[in-house]
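Every chain is numbered from 1 and lettered A, B, ... according to where its sequence line falls, protein lines coming before strand lines.
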4 protein chains.
Amino acid sequence: MCAGARSKRGRSCVGGATRGKRVPRAVREQQMLDAAVRAFARSGYQHASMDDIAELAGVSKPLVYLYLRSKEELFAACIRREVAALVAAVRAAVERGAPADRQLWSGLSGFFAHTAAHPDGWTLLHVQARTHGRPFAREVAAMREELVTFVTQLLAAAARDNAARDQLARADVSAIAHALVGAAESLADWAGDQGGPSAQEAAATLMDFAWAGLGNVLRGEGWSCEAVSHQAAYDG
Amino acid sequence: MCAGARSKRGRSCVGGATRGKRVPRAVREQQMLDAAVRAFARSGYQHASMDDIAELAGVSKPLVYLYLRSKEELFAACIRREVAALVAAVRAAVERGAPADRQLWSGLSGFFAHTAAHPDGWTLLHVQARTHGRPFAREVAAMREELVTFVTQLLAAAARDNAARDQLARADVSAIAHALVGAAESLADWAGDQGGPSAQEAAATLMDFAWAGLGNVLRGEGWSCEAVSHQAAYDG
Amino acid sequence: MCAGARSKRGRSCVGGATRGKRVPRAVREQQMLDAAVRAFARSGYQHASMDDIAELAGVSKPLVYLYLRSKEELFAACIRREVAALVAAVRAAVERGAPADRQLWSGLSGFFAHTAAHPDGWTLLHVQARTHGRPFAREVAAMREELVTFVTQLLAAAARDNAARDQLARADVSAIAHALVGAAESLADWAGDQGGPSAQEAAATLMDFAWAGLGNVLRGEGWSCEAVSHQAAYDG
Amino acid sequence: MCAGARSKRGRSCVGGATRGKRVPRAVREQQMLDAAVRAFARSGYQHASMDDIAELAGVSKPLVYLYLRSKEELFAACIRREVAALVAAVRAAVERGAPADRQLWSGLSGFFAHTAAHPDGWTLLHVQARTHGRPFAREVAAMREELVTFVTQLLAAAARDNAARDQLARADVSAIAHALVGAAESLADWAGDQGGPSAQEAAATLMDFAWAGLGNVLRGEGWSCEAVSHQAAYDG
DNA sequence: TATGAATGAGCGTTCATTCAT
DNA sequence: CATGAATGAACGCTCATTCAT
């Protein structure tokens, strides 16, 4: 593979890309996106040059421009593809119709499994996209909001079954959802390092940790800085 | 202020900087760091040019190089300053000698208060520093590890008083600490947007949410995906 | 020629370069080297800017970098080309198989003819290359050593036929070769000025001057500062 | 010495310079010239910065400007000083009134002795001054012309005593003088390297080599490319 | 479909030089 | 006599982008 490549720096093409062959557009585009996601994730948006990406994709630079117009649009296309893939993975993992906690757990499992399986994609979304200009950050923020909304709905569903539902302000639920998503992201990063937990472990830990806290809040029994109620947490 | 400025693009200087005046080196350096933190946080490392920073600081570019050697060293100096400031803020906020939960709460309050008061610094650390090269990311990672360690110790202290201490694996505590820090970061970001909660609210929500979960884990009563034990969370 | 040139300073391109046309890489490279040799020789390494050279070559600056990587490599390429050309010219001029003196004379003729025909190249080697960094100087020194060695061999060949061969220390031959090459260089410089001799004249003068001195040394009849033997030189 | 120096790179001052002391102008100027000659010779004109020179001289930069106006004038002053020193050394070495060959020999001895004793000065004149702009090269060329003229006069004096004087064209003498000076320079360079000859050896070798050749030319018995007269050189 | 050739624009960096004290 | 503070101008180099084929 990568037969005709005369890579200046000896790098080979990504995936099964073979240089010089006539290949349908759709396939070439995916090759380019593969290369770009990898390059952007590993080198950063600025440091990854169009030359690098073209070479990694096994095509000439003008072809990249022909298909993807500009570096910004290429980056945007990468983000869109990875966002779609992550959302799809989470959606597919969620067990619809199951109780809220089970849905949350399955969604988290899917999330951790996907980020672990696609580290470059996760880095692209979590690290690179936020750093380079509003439009990209917005795209990721939109996805994040989608996830937060999904979590919020699950929390609301749980609350619906609960006697204390009225005491639950919408803002509280949102805040908890944000905290939960942030915790998940943090664990996903940590899981990416060596020494971190597996996807299953991460999901389990987070559920252990979060669900009780949620119940607590729903019952209106939150920890209070005024009270000495912190005793409640570890007293039997 | 900014009297003699002949800003090419009409931008004014940051802070109380006045262009053209003779100022002692230490003062100028702080002005430069102020400008650089702002520029880096808002435009990103690559997009913020040394020209921009110099102009924002109200000095000429060579002076920036004379005092701070290079763009990389300038960025590093910014990160170091902001890391030190954030760590100091948290340290100062923690009520030493208080019970673990109270310490955690006060630390979180300090954290949220500082990030809210210094949004550019927080963006620099949380968003920009991770993206641009290992050395910077390492510096921030070290700070993060320091916070995680601090949280871990608090959790361990809480566990020590608890009957179920033996059931608590070290890894679990670490994971929870990571989750907690991630949740805090997420809330700090959210609080930075308009519409987000205040520092006090964020700290309170997170404590509500986290402390119960922690107690739950400590009691070994974690949510389990096999059991229907999720009922326990919202059942009375 | 130099049709589309919009030279900022009104300078025209070197040689037959026409700006803007698509030209094969090999040709462009030679045009660039032509321009660079000229610029370096006339302005010096530091004073000749890459902008100047690009303009003189009738191309844009990035193209120079694309083909020749950096100013240093460009300079090195110039030196290598001129070294090769000078050595080739001398080699081609030498009449192999002829007696040593005839070989020396023909070599000198070739040397003077080439330096006179390529004054910029000669300046580059003799004046500029020695001044700017070890690697360049080394390259020229290597060529010089090659010439010195060649001369040394000729002198040794002459000595071999001579009865006094044993009295000739190796160091003496080396020293004479160095002196001879230095004399040739000096004459080449002088011939470059207006008013200087032609190549033929220079070669003849130097031979007149050198060959007798050489015979003298070979016979062990050198001038001596102690003796009044200087009389021998101008006495009949 | 060099007491108050806060050299950024730990370099000490040249000679006996002591930083910060009040020192008469003439002395300071010589310190600066010492430093500049050294810096220019070793780093080249461009690479030696005014900061380096000031630091090496143990003074602040503005003082250098106060005394020597500009980098170009500083360089010119260095050249003038070194030219004067070299010319003075040669003049002092020449035994006036002695026969021409003895004068030439003593002059050469003085030349080699001085260049060996002041390698930075010699490098400045022979390598640096020619490379950087016309005015400097002219200054050195003038000195060279002075030496060539002196040699020419000696040769002419020798010829005057010779029967064949009429056959000696002025151009020939000039050419021989140029060759001789070039040979001397080449030997001076070579003597600067390790492994090269001493001043005395260089002078002796050059006289051995040159004086016979000169006599030969004066007698009109030069080597000829047409004749097979090269035999004459090494035949008894 | 695919590419070799070419460029405009900008950035990081350096340095000779000058005030104000 | 001597200097810390400050800058205008230029240069090496890179890169996204576009023709012409």
Side-chain angles (χ1 to χ4, degrees), chain A residues 4 19-25 28 46-54 58-67 69-74, chain B residues 19-25 27-28 46-54 58-74, chain C residues 4 19-25 27-28 46-54 58-74, chain D residues 4 6 19-25 28 46-54 58-67 69-74:
Chain A
R19 185 171 185 126
K21 290 279 182 191
R22 302 262 160 156
V23 167
R25 172 161 185 157
R28 273 275 191 257
Q46 307 279 353
H47 191 74
S49 74
M50 291 299 266
D51 280 282
D52 293 345
I53 293 169
V59 294
S60 74
K61 211 171 19 167
L63 201 60
V64 179
Y65 277 89
L66 186 63
Y67 286 175
R69 315 298 299 179
S70 77
K71 195 184 190 184
E72 290 216 333
E73 285 195 35
L74 172 57
Chain B
R19 185 171 185 125
K21 287 279 182 195
R22 301 262 160 157
V23 165
R25 175 170 181 148
V27 175
R28 273 278 190 254
Q46 309 278 353
H47 192 74
S49 77
M50 292 299 268
D51 280 285
D52 295 343
I53 293 168
V59 295
S60 70
K61 202 167 34 162
L63 202 59
V64 180
Y65 278 91
L66 187 63
Y67 287 173
L68 288 145
R69 318 293 299 179
S70 75
K71 195 182 191 183
E72 287 216 336
E73 284 195 36
L74 172 58
Chain C
R19 183 166 187 130
K21 288 280 182 193
R22 301 266 159 152
V23 165
R25 175 170 181 149
V27 176
R28 272 278 190 256
Q46 309 278 354
H47 191 74
S49 76
M50 291 300 266
D51 279 287
D52 294 343
I53 293 168
V59 294
S60 70
K61 201 169 33 165
L63 202 60
V64 180
Y65 278 92
L66 187 63
Y67 288 173
L68 289 145
R69 320 294 297 182
S70 76
K71 195 182 191 185
E72 287 216 336
E73 284 195 35
L74 172 58
Chain D
R6 305 139 305 161
R19 187 174 184 120
K21 290 279 181 192
R22 303 259 161 160
V23 165
R25 172 162 185 156
R28 274 275 191 254
Q46 307 280 351
H47 191 75
S49 74
M50 292 299 267
D51 281 283
D52 294 343
I53 293 168
V59 294
S60 74
K61 211 169 21 166
L63 200 59
V64 179
Y65 278 89
L66 185 63
Y67 286 175
R69 316 297 297 177
S70 77
K71 194 184 191 183
E72 289 217 334
E73 285 195 35
L74 172 57

Separation of atom OH in B:Y67 from atom P in E:dG12, rounded to whole Å: 21 Å
Whole-Å distance separating the CG atom of A:L66 from the P atom of E:dT3: 11 Å
Shortest side-chain distance from D:L63, nucleotide among F:dA6, F:dA2, E:dA2: F:dA2
Nearest heavy atoms of D:Q46 and D:K71, plus distance in Å: O-NZ, 3.6 Å
Non-hydrogen side-chain atoms of C:E73 and C:L68 separated by less than 4.5 Å: no
Closest heavy-atom pair and its distance - D:S60, D:A54: C-CB, 4.0 Å
Watson-Crick or G-U stems involving DNA chain E, each at least 3 pairs long, distances under 3.5 Å, ordered by first number: E:2-21 with F:2-21
side-chain N/O C:R28 vs E:dA6 OP1/OP2, d < 4.0 Å: yes
Heavy-atom closest pair, residues D:R25 and D:L66: NH2-O, 4.2 Å
Sugar-phosphate, base or nothing in reach of A:R25, heavy atoms under 4.0 Å: nothing
Check: D:L74 and D:M50 side chains under 4.5 Å, non-hydrogen atoms: yes
Base-contact (B) and sugar-phosphate-only (S) positions in nucleotides 11-18 of chain F, heavy-atom cut-off under 4.0 Å, - elsewhere: -BBBBSBB
